[in-house]
There are 2 protein chains.
Amino acid sequence: MASVESVDTARLERILAMFRDRGGRVTTPRRTIITALLEAGSHVTADELADTVQSAHPDVHRSTIYRCLGSLEELGVVDHVHLGHGRAVYHLADESHQHLVCESCGTVVEVPDKVFATLAKGVHKQFGFLVQPRHFAVAGRCRSCAG
Amino acid sequence: MASVESVDTARLERILAMFRDRGGRVTTPRRTIITALLEAGSHVTADELADTVQSAHPDVHRSTIYRCLGSLEELGVVDHVHLGHGRAVYHLADESHQHLVCESCGTVVEVPDKVFATLAKGVHKQFGFLVQPRHFAVAGRCRSCAG
DNA sequence: TGCTTGAAGCGATCGGGTTGCAACAACATG
DNA sequence: CATGTTGTTGCAACCCGATCGCTTCAAGCA
């Protein structure tokens with residue numbers, strides 16, 4: 001029976017292979033950054049990622065984190081979402097979902113795409129606008145802050 | 001019959017009176033900034049506003065623009081919306097509407113609140129989340145860019 | 001006409017992110 | 001295994017929008 005770790009390792013190697021396939025190179029920073037991403041699960045800021053990575057390899061520079069995240073987005077492995085006021089979070093591109101962010105406490109709620117289906121249909125019909133809120137979260141108040 | 005200009009002037013004076021009522025002062029920068037806002041209509045960046053203001057009064061500093069806009073928001077006269085990637089736009093707080101912004105060409109589409117009613121209801125029911133997209137635009141593709 | 005004190009002007013700073021460049025090292029090749 | 005090519009890295013400088021601290025100025029009251 002495969003442990004979680006071995007599953008992640010397999011995935012890590014699969015992602016690294018994608019770099020090699022495109023004539024890229026497998027480096028320590030890339031290995032470490034992707035590992036940190038896999039461990040974090042989802043919704044990590046570049047900053048948090050930098051902390052994790054640098055706790056193992058202090059010399060990995062912020063700009064390397066950003067460049068690696070950029071490459072991973074080109075490969076379709078991760079997506080980034082702007083939660084508002086500048087900070088962006090990164091998450092694995094597995095399941096397509098939307099993000100609701102509480103303006104009061106910052107909580108992020110993930111909701112399936114289909115919740116937006118009716119809105120998307122209505123907006124497209126009335127305004128010809130194709131709603132794609134993947135890259136920007138929808139703001140509001142979470143359950144506890146709304147009360 | 002009142003011209004548009006006199007209507008704006010009346011409005012300008014009404015807003016300035018709000019400052020006085022709160023123990024504030026009516027200054028040239030404030031007068032100029034609010035005038036520029038009224039003339040612009042809606043969706044001005046702080047930068048555009050600064051250009052307009054400075055063409056009449058070159059000494060008005062950026063920080064003054066921001067501080068004045070902040071005060072106007074406290075008074076409930078203007079709102080600001082983040083269209084994404086850092087830049088924010090300001091608009092008079094008259095009619096409550098939402099903003100759709102095209103990620104491709106930057107076009108902003110204003111839609112009435114009620115377009116979001118179904119989404120808001122569904123999200124609140126399922127996730128207890130109160131959607132308030134006033135301060136952040138919803139991203140997507142406009143009619144011409146979607147094709 | 002002064003006085004008080006809220007604003008303005010200025011430059012420095014901040015925060016998230018990007019870029020130019022020299023040095024390094026991953027990988028292919030001999 | 002040594003070598004060369006070239007994709008990546010580390011670093012520092014920089015960008016952009018926005019904010020802050022501080023001194024100076026002037027709006028509006030007595």
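So that the names make sense, note that chain A is the first sequence line, chain B the second, and so on, each numbered from 1. Values in this document were obtained by computation on a predicted structure and should not be read as measured data.
- Residue contacts shown for B/Asp59 are limited to sugar-phosphate atoms, with no base heavy atom under 4.0 Å away.
- One can place OH of A/Tyr66 at 13 Å from P of C/dT19, the figure rounded to the nearest angstrom.
- Rounded to an integer number of Å, the gap from CZ of A/Arg87 to C1' of C/dG17 is 16 Å.
- The phosphate of D/dA18 has neither OP1 nor OP2 within less than 4.0 Å of any side-chain N or O from B/Arg62.
- For D/dG21, the base has a donor-acceptor partner in the side chain of B/Arg67 [N/O atoms by modelled type, under 3.5 angstrom].
- Listed for the B/Arg31 side chain is no donor-acceptor partner under 3.5 Å among the backbone atoms of B/Val26.
- The shortest distance between the side-chain N/O atoms of A/Thr64 and the OP1/OP2 oxygens of D/dG10 is below 4.0 Å.
- Between the CZ atom of A/Arg20 and the C1' atom of C/dA28 there is a distance of 13 Å, rounded to whole Å.
- The residue from B/Arg134, B/His82, B/His43 that alone fulfils the side-chain hydrogen bond (donor to acceptor under 3.5 Å, both in side chains) condition with B/His99 is B/His43.
- The CD1 atom of A/Ile34 sits 12 Å away from the P atom of D/dT8 (whole-angstrom rounding).
- Using modelled atom types, one finds a donor on one side chain and an acceptor on the other under 3.5 Å when comparing B/Arg67 with B/Ser63.
- Closest to the side chain of B/Ser63, from the set D/dC20, D/dT9, C/dG17, is D/dC20.
- The hydrophobic cluster containing B/Val138, built from Ile/Leu/Val/Met/Phe/Trp/Tyr side-chain heavy atoms closer than 4.5 Å, also comprises A/Leu100, A/Val109, A/Val111, A/Val115, A/Phe116, A/Leu119, A/Val123, A/Phe127, A/Phe129, A/Val131, A/Val138, B/Leu100, B/Val109, B/Val111, B/Val115, B/Phe116, B/Leu119, B/Val123, B/Phe127, B/Phe129, B/Val131.
- Taking atom CZ of B/Arg30 as the reference point, atom P of C/dG6 lies 11 Å away to the nearest angstrom.
- If you chain together hydrophobic residues whose side chains sit under 4.5 Å apart, A/Leu75 and A/Leu12 fall into the same group.
- Heavy-atom distances to DNA chain D give each of A/Thr28 and B/Arg25 a nearest nucleotide, and the one nearer the 5′ end belongs to A/Thr28.
- Between B/Thr27 and C/dA8, a side-chain N or O to OP1/OP2 separation shorter than 4.0 Å is present.
- Between the CZ atom in A/Arg11 and the OG1 atom in A/Thr35 there is a gap of 12.0 Å [rounded to 0.5 Å].
- Taking five base pairs at each end of the helix from C/dT1-D/dA30 to C/dG30-D/dC1, the local helix axes there meet at an angle of 10°, rounded to 10°.
- There is no path of hydrophobic side-chain contacts, each under 4.5 Å, that joins B/Ile65 to B/Val89.
- For the pair B/Leu69 CG and C/dA7 C1', the interatomic distance rounds to 15 Å; values are reported in whole Å.
- The nearest whole Å value for the distance from the CD atom in A/Gln54 to the C1' atom in D/dC11 is 13 Å.
- Put simply, NE2 on B/His82 is 11 Å from C1' on D/dG17, counting in whole angstrom units.
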